[in-house]
Amino acid sequence: TRKINLLACIISVLLAFILKEKRAEMTFMTLLYFGNIYIYATTFAFDRYAATLMPMRWIIMGIGVSLLIKFVKNIME
């Protein structure tokens, strides 16, 4: 399930940049996420503390879902 979750986050970030909406929010969340990964990777404790990254992933996916809905709505019109 981690791979599916990561794939959904990547798609969400791509949608934000393709649709040119929510770029600031998505950039902030992505930089925050990668910053945390860097901190965990330098302490060699990523496997133990990776669960704290999940809220950021869920926020990124939530923004992505809203952008996907707008994208589909624009195609339908």
Side-chain angles (χ1 to χ4, degrees):
T1 59
R2 278 189 184 182
K3 290 181 182 179
I4 295 171
N5 192 318
L6 182 62
L7 183 63
C9 288
I10 291 170
I11 291 170
S12 297
V13 171
L14 291 175
L15 273 173
F17 283 92
I18 290 170
L19 296 178
K20 299 179 183 176
E21 291 185 29
K22 305 284 186 191
R23 280 184 176 179
E25 294 89 344
M26 196 63 79
T27 302
F28 173 73
M29 290 302 298
T30 304
L31 290 174
L32 189 63
Y33 181 77
F34 284 123
N36 278 299
I37 287 177
Y38 176 75
I39 291 168
Y40 291 144
T42 57
T43 62
F44 302 103
F46 187 77
D47 290 335
R48 254 185 304 179
Y49 301 112
T52 59
L53 297 173
M54 292 310 291
M56 283 183 269
R57 282 188 172 187
W58 288 109
I59 291 170
I60 289 171
M61 284 189 289
I63 294 171
V65 167
S66 71
L67 291 173
L68 183 63
I69 290 170
K70 286 183 181 181
F71 181 70
V72 170
K73 184 179 173 184
N74 288 340
I75 289 176
M76 295 269 195
E77 291 178 348

Acceptor/donor pairs from residues 60-69 side chains to any protein atom, 3.5 angstrom cut, sequence neighbours excluded:
residue : atom : partner : partner atom : Å
Ser66   : OG   : Ile63   : O            : 2.7

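Heavy-atom contacts from other residues, nucleotides or ligands closer than 6.0 Å to CD1 of Ile75 number more than 12.
By the criterion of side-chain heavy atoms lying less than 4.5 angstrom apart, applied directly or through intervening Ile, Leu, Val, Met, Phe, Trp or Tyr residues, Leu32 is grouped together with Phe34 in one hydrophobic cluster. The hydrophobic cluster containing Tyr33 does not contain Ile10, counting ILVMFWY residues as joined when their side-chain heavy atoms lie under 4.5 angstrom apart, directly or transitively. Linking Ile, Leu, Val, Met, Phe, Trp and Tyr whenever their side-chain heavy atoms come within less than 4.5 Å leaves Leu14 and Trp58 in two separate clusters. No path of Ile, Leu, Val, Met, Phe, Trp and Tyr side chains, each step under 4.5 Å between heavy atoms, connects Leu31 with Ile59, placing them in separate hydrophobic clusters. One hydrophobic cluster, built from ILVMFWY side chains closer than 4.5 Å, holds both Phe71 and Leu7.
Side-chain contact between Arg57 and Leu6 is present, with at least one heavy-atom pair separated by less than 4.5 Å.
Interatomic distance, OG of Ser12 versus NZ of Lys22, reported as 13.0 Å (0.5 Å rounding).
Of the options Glu21, Met26, Lys20, a side-chain contact (heavy atoms from CB on, under 4.5 Å) to Arg23 is made by Lys20 and by none of the others.
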